[in-house]
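Residue numbers start at 1 and run along the sequence shown.
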Amino acid sequence: MSAGPGAFPTPDEAALQAALDHLAPPGIRIACRALRAGDAAHLLPEEAGSITARHPARRDASVAARWAARQLLKAHGLGEAAIPRAPSGAPIWPAGLTGSLAHDETMAVAALGRIDVMGSLGVDVEPPEPLSPDLLPLVVTAADRLPEPSDLLAARLVFCAKEAVYKAVYPLDGQILDYGDIAVDLPLRRATTRSGRQLRLFICTVPRLVVLAVMEV
Ligand SMILES: CC(C)(COP(=O)(O)OP(=O)(O)OC[C@H]1O[C@@H](n2cnc3c(N)ncnc32)[C@H](O)[C@@H]1OP(=O)(O)O)[C@@H](O)C(=O)NCCC(=O)NCCS
């Protein structure tokens, strides 16, 4: 996956893309883009009104994720298709497709699949760092299952999984879920929401934490 007009992939980008190429099940593609100052210049006019973040770094990240998504859309003959933001925050995909976007401090990720194959999907990316101990009681509950012995890095993975699940489920149910509304089973790579939605999890831990949550039709 190239890094953009006139640019080679950064080493971090190439390493993450290599991991992502092995992550997704058939029918779903994932791409990444290292955040670059000035990426907001790639915002399409049809997206500009919906991407209202004022902080330049946040706009760069939103556009980097969309840039990655457009690399995936090219496979469907839709390279320059716009991906505006709904008022809920969810991305709006071209007809027949579904996907998800995420960004952390250094990397943006996009996942895309056909809607007749996937009911919905969500993705999240996080640095491979332990969860802050302050957040542990908020994020991990008795309903979650972690590998034994466990640690705060596994807890960060649970956080990442719950964000991915939320992004997959919100467009269908329109409900704001809390961490306690999602039960994650890391060993079985499955998640269940309080409303009964069941999702499969596809997990990458190196070089960054990436979770793809997939709800099949
Ligand atoms: C969706 C949410 C979890 C994203 O978290 P974040 O750390 O801000 O940002 P991420 O980089 O992980 O993801 C951002 C992307 O999520 C997507 N997104 C935002 N709201 C969404 C929604 N309601 N449904 C699906 N996707 C959504 C957008 O594509 C967004 O990218 P953009 O801002 O460039 O358009 C957060 O914005 C949110 O709405 N939280 C409220 C509910 C919550 O936190 N519950 C606890 C976790 S289960």
Open item on the list: If you compare all heavy atoms of Y166 against all heavy atoms of L177, which two are closest, and at what distance to 0.1 Å?
Closed with: CE1-N, 3.2 Å
Task: Test salt bridge (Lys or Arg N to Asp or Glu O under 4.0 Å) applied to R156 - qualifying residues, sequence neighbours left out - done: E126
Determine all donor-acceptor pairs shorter than 3.5 Å in which one atom belongs to a side chain in residues 131-143; sequence neighbours excluded.
unit_1	atom_1	unit_2	atom_2	d
S132	OG	D134	N	3.4
T141	OG1	A143	N	3.2

- [ ] Quick one: list whatever passes side chain to side chain donor-acceptor pair (under 3.5 Å) with R190, sequence neighbours left out.
- [x] none
Task: Gap between atom CD of Q71 and atom SG of C32 - 0.5 Å precision - done: 10.5 Å
Task: With sequence neighbours excluded, residues passing side chain to side chain donor-acceptor pair (under 3.5 Å) with D104 - done: R208
TODO: Could you list all the salt bridge (charged side-chain N to carboxylate O under 4.0 Å, His left out) pairs where at least one residue sits in residues 163-180, not counting sequence neighbours?
DONE: D124-K167, D173-R197
Task: Closest heavy-atom pair and its distance - S150, L146 - done: OG-CD2, 3.1 Å
Open item on the list: Please give me the minimum heavy-atom distance between G38 and D60, naming the atom from each residue.
Closed with: N-OD2, 3.1 Å
Would you list the atom pairs, donor with acceptor, under 3.5 Å between side chains in residues 22-31 and any protein atom, with sequence neighbours excluded?
unit_1	atom_1	unit_2	atom_2	d
H22	ND1	A18	O	3.0

Side-chain polar contacts of residues 73-98 - donor-acceptor pairs under 3.5 angstrom, sequence neighbours left out - could you list them?
unit_1	atom_1	unit_2	atom_2	d
S88	OG	A90	N	3.2
W93	NE1	G99	O	3.1

Open item on the list: Under the rule for side-chain contact (heavy atoms from CB on, under 4.5 Å), what residues qualify as partners of A64, not counting sequence neighbours?
Closed with: R33, L35, D39, A108
Open item on the list: Taking side-chain contact (heavy atoms from CB on, under 4.5 Å) as the definition, give me every residue that meets it alongside D151, ordered by chain and number, with sequence neighbours left out.
Closed with: L153, A154
Open item on the list: Do V165 and L121 sit in one hydrophobic cluster, given that two such residues count as connected whenever their side-chain heavy atoms are within less than 4.5 Å of each other, even indirectly?
Closed with: no
Open item on the list: If I compare all heavy atoms of P127 with all of E105, which pair ends up nearest, and what's the gap?
Closed with: CG-OE1, 3.8 Å
TODO: May I ask you to test the I203-V211 pair for a side-chain heavy-atom distance under 4.5 Å?
DONE: yes
Task: Sequence neighbours excluded, every pair satisfying ring-ring contact (aromatic ring centres under 6.0 Å, His included) that has a member inside residues 178-217 - done: F159-Y179
TODO: Please write out which residues are connected to L43 in a hydrophobic cluster, directly or through intermediates, given that two of Ile, Leu, Val, Met, Phe, Trp, Tyr count as joined at side-chain heavy-atom separations below 4.5 angstrom.
DONE: I51, V63
Task: Gap separating the CZ atom of R200 from the CG atom of L212, nearest 0.5 angstrom - done: 9.5 Å
Task: Contacts of type side-chain contact (heavy atoms from CB on, under 4.5 Å), residue A110, not counting sequence neighbours - done: A68, A69, L72, L101
